[in-house]
> 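First the structure, then my questions, so here it is.
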Amino acid sequence: MSALFPIPQAPSDHEAARPSDREAEPGASGERRGRRGVTPEQLLEGLNEPQRQAVVHAGTPLLVVAGAGSGKTRVLTRRIAWLIAERDAHPGSILAITFTNKAAAEMRERVEELVGRRARIMWVSTFHSACVRILRKEIDRFGYKSSFSIYDAADSKRLMTLVARDLDLDPKRYQPRAMLNWVSNQKNELVDHEDAVKNAKNHLEETYAEAYTHYQRRLREANALDFDDLIMTTVHLFQAFPDVRENYRRRFRHVLVDEYQDTNHAQYALIRELCGPVTGAGPDSPAGAGAAEKGVEPSELMVVGDADQSIYAFRGANIRNILQFEEDFPSARTVLLEQNYRSTQTILTAANAVISRNKGRKAKNLWSDAGDGERMVGYVADDEHDEARFVSEEIDKLSDAGSAKPRDVAIFYRTNAQSRVFEEVFIRVGMPYKVVGGVRFYERREVRDALAYLRMLANPADEISLRRILNTPKRGIGERAEACVEALAQRERLSFWEALRRAEEAPGIATRSLTCIRGFVEMVEELQSMVAADERADVILEQVLTRSGYLAELEASEDPQDETRVENLAELVAVAREFADEPQLGPSADPADPDPATPGLGDFLERVALVADSDQIPDQPEDGVDDGGVVTLMTLHTAKGLEFPVVFLTGLEDGIFPHQRALGDQHELEEERRLAYVGLTRAQRRLYLSRAVVRSAWGAPAHNPASRFLDELPVDLVDWRRTEAAQTSWNRPVQSSLPSRTAGPPTRRFGSAAVRADADAKARTREVPSLAPGDRVLHDTFGMGSVVTVEGVADKAVASIDFGSQGVKRLLLRYAPVEKL
DNA sequence: TTCTTGAAGCTTTTT
DNA sequence: GCTTCAAGAA
């Protein structure tokens, strides 16, 4: 895997660093340099003073407060290389935690370029992958099998739905999603189901805790863990079995954690288990860094993060972890990285101005010596389509002017749903683009079906997966038959799979169903024998798709959607093949592992279970045929950690960004502001800010006032190409004296009066919809209606519209807030 | 049993 | 507007 993005525009020293950072081949030359070639000077080359301190620091815990673009990845990789090359750390004694698998792969690659192939045996992974790896080895102590399944959000939801049904809960009052959220929070706080029951303070919590208990029991019966379990169970494992913990403490002498501001309590506890002071042994001085006599000496810990970029509180991340690091680890040192190598000063000044509105943050001031650069560009669009058109045209202009290629451009938005308009426009104008996240590959139905087959083969106890594919494709095993088998399973205390095999004992089952079940069981058993024989994942997958008839059904289908489904499955097979061909490298390579076998089905499933959105950012070729690459679209959350020469920050409207749900809550609003800070600081040279006066949210158009974050920007740094005043003026000759073009910022903060003005503006600027009798329309207040008659033309057109229970209305189309459906 | 139709809910953000 | 889930018909 190669690095995807333009390297930070580092100062001149970066050029010097380039050869060693980027050009090394992973072959012999890399190794030679790694073994003896790298000098301490080379490892410290091009680092500023605080960066250098962070790299060479030894002994006590270290907190690196790394502002956006301050070169923290560089510090991390150089430090790891330093540990190996200069401090004789064994690569296997290094545990580096990153936020995504992609970041992990990149970091491993860069360290390898510095010190050679032996770097491969480091553990560089996400929290989740690291925990899976530990659990695969140790979880039998908790009575799980090491082939446990990992349930993602969709699986968990399905399971929770079953639980709710078992408990006879009203699905309106107790939504699986809400319960799952609650359970997730408990797990992030390391509260197991027994404690949750004890802690319950009211009826609601009692019910939730009961659901939690049942949910855990079913997970266990399915030999499955959900995402949160991976962390919590590992912590519990260390707590319950001190010998296991000692084992890993002895092994990982160096622990490095990236994005520390986004760790939750469970992750924090995990780090403490590995690096915390020895329990019961009083405050000990971690003097001798190298010495690990009894294996109880804490490992060396370095965490890197930026409290201003903490954007995952909603999933349990605790900003406290980074703010109170020095209290948690009293001997800790702190290094502050404030010089930014990424952006122009204009962009940084803007970002600093916004983030400074947050209360109770530690002061930090990013600066750059890259010069002021261009002013930011602002645009107020009529609606979201206009906004997308503006973005598209602007990218064209940049291309024509030779200022940027599509690959240099990223478009950010708050929610995934906002990507659609951009896609529509880009498809129309032929702009190459790629949406990161959203409907993810691994969440597509056909992919999930295929994976359910594989998971069920690897882990027959996995009831959720088994039931998913039991009748997919249709094979005559209906609801009724399923219920009979279920009853048998309950009565005989069998797993669902066992019950299927003994379906003839099921009371009341139809012979016809029985035949179908027999056929299914037979097929599964044959496929299982392939798994038992350690067949390659891609071969098994192909067999699954053909033997089950899944592929045949899709291919026979008339539905054009099914064509893409076939393609997606082919893609999945390709992924599996690539994976099976991979030599032993990456997270599953473990020198201490007694059985370093070729990656099997289980490894493959693990890989696909833990991929993230940001792992799918397109690799854009830097050499070879240069077609300009593609524009990247993603949410602000996904954008964290990335950088682009040109950034469009879109949908800057109160209610969109900041999100509606955050408007009333100080803390959530501050998190939104941090998100804005993340977005702003992704830009290297050019930053565009846009909003739409009218935006359609699930059907109906809505008028949103300007985002408060726009008001927090220094006025003179933004060049408003189009303002709200300009926008409202063109259909209003009376006030045509309004300034157009570069006026000041669009509006100040405003109340309902201004919102109404927006509404009026909309009525005026909108073109009159051409309607015919029978058309279905949507009215802002009357809702859906159908057109009865139309009289007059253009501005004078009047339609009678039947709004059902609201009656028939006569509306002057020029003014009526009606939209044709 | 399966397919069709209709209603409801939905949108934060993700490992 | 879209997808998902439930109820009813062939």
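Numbered from 1 within each chain, the chains take letters A, B, ... in sequence-line order.
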> Figure out the CG/C1' separation between Leu636(A) and dT11(B), and round it to whole Å.
15 Å
> Counting heavy atoms from C-beta on, name the nucleotide in dT1(B), dT12(B), dT15(B) closest to the side chain of Ala481(A).
dT1(B)
> Nearest whole angstrom, please: distance from the C1' of dT15(B) to the CG of Leu270(A).
14 Å
> Using the C1' atom as the reference point in each nucleotide, state the distance between dC5(C) and dT12(B) in Å, no decimals.
23 Å
> Taking Arg674(A) first and then Glu671(A), would you say they form a salt bridge - that is, a charged N and a carboxylate O separated by under 4.0 Å?
yes
> Distance criterion of 3.5 Å, no angle test: do you see the side chain of Arg315(A) paired donor-to-acceptor with the base of dT13(B)?
no
> Across the strands shown, which category fits Phe127(A) at heavy-atom distances under 4.0 angstrom: base, sugar-phosphate, nothing?
nothing
> Should Arg661(A) be listed as having a side-chain N or O under 4.0 Å from OP1 or OP2 of dT12(B)?
yes
> Does dT11(B) have OP1 or OP2 under 4.0 Å away from a side-chain N or O of Arg177(A)?
yes
> Using whole Å, what does the distance between atom P of nucleotide dT2(B) and atom NZ of Lys474(A) come to?
6 Å
> Indicate, with yes or no, if the rings of Tyr151(A) and Tyr215(A) have centres closer together than 6.0 Å.
no
> Please classify the nucleic acid contact of Ala266(A) as base, sugar-phosphate, or nothing, using heavy-atom distances under 4.0 Å.
nothing
> Applying side-chain hydrogen bond (donor to acceptor under 3.5 Å, both in side chains) to Ser156(A) and Asp226(A), what does each step give before you reach the verdict?
CA-CA 7 Å; Ser156(A) 302; Asp226(A) 67 18; 4.6 Å; no
> Given dT12(B), dT15(B), dT1(B), which nucleotide is nearest the side-chain atoms of Thr126(A)?
dT15(B)
> Is Ser129(A) close enough to dT15(B) that one of its side-chain N or O atoms is under 4.0 Å from OP1 or OP2 there?
no
> Ring centroid separation for Phe314(A) and His637(A), is it under 6.0 angstrom?
yes
> For Arg480(A) and for Leu675(A), find the nucleotide of DNA chain B with the closest heavy atom, then tell me which residue's nucleotide is more 5'.
Arg480(A)
> Can you check the Glu606(A) CD to dT15(B) C1' distance for me, whole Å?
14 Å
> Can Glu672(A) and Arg414(A) be counted as an ion pair, charged N to O under 4.0 angstrom?
yes
> For the side chain of Phe227(A), starting at C-beta, report the closest nucleotide among dT11(B), dT1(B), dT15(B).
dT15(B)
> Tell me what Glu259(A) touches on the nucleic acid: a base, only sugar-phosphate, or nothing, going by heavy atoms under 4.0 Å.
nothing
> Just call it for Asn471(A): base, sugar-phosphate, or nothing, with non-hydrogen atoms closer than 4.0 Å on any strand.
sugar-phosphate
> Using whole Å, report how far NZ of Lys157(A) lies from P of dT4(C).
9 Å
> Strictly distance-based, threshold 3.5 Å: is any side-chain N or O of Asn318(A) a donor or acceptor partner for the main-chain N or O of His265(A)?
no
> So, applying salt bridge (Lys or Arg N to Asp or Glu O under 4.0 Å) with Asp155(A), which one of Arg467(A), Arg448(A), Arg468(A) is it?
Arg448(A)
> Verify the contact: side-chain N or O of Asn416(A) to OP1 or OP2 of dT13(B), cut-off strictly under 4.0 Å; return yes or no.
yes
> Rounding to a whole Å, what distance do you find between Glu653(A):CD and dT12(B):C1'?
15 Å
> Indicate whether OP1 or OP2 belonging to dT14(B) is found under 4.0 Å from a side-chain N or O atom of Thr638(A).
yes
> Please state how far atom CZ in Arg420(A) lies from atom P in dC2(C), giving the value in whole angstrom units.
5 Å
> What do you reckon, do Phe314(A) and the base of dT13(B) stack, with centroid distance below 5.5 Å and planes below 30°?
yes
> Could you state the NZ-P distance from Lys102(A) to dT14(B), rounded to the nearest angstrom?
16 Å
> Judged by each residue's nearest nucleotide on DNA chain B, which is more toward the 5′ side, Arg414(A) or Asp228(A)?
Arg414(A)
> Compare the minimum distances between each of dT13(B), dT12(B), dT15(B) and the side chain of Thr635(A), then state the nucleotide with the smallest one.
dT13(B)
> Under the 5.5 Å and 30° test, is His637(A) stacked on the base of dT13(B)?
no
> Which value, in whole Å, describes the distance between the C1' atoms of nucleotides dA6(C) and dT11(B)?
22 Å
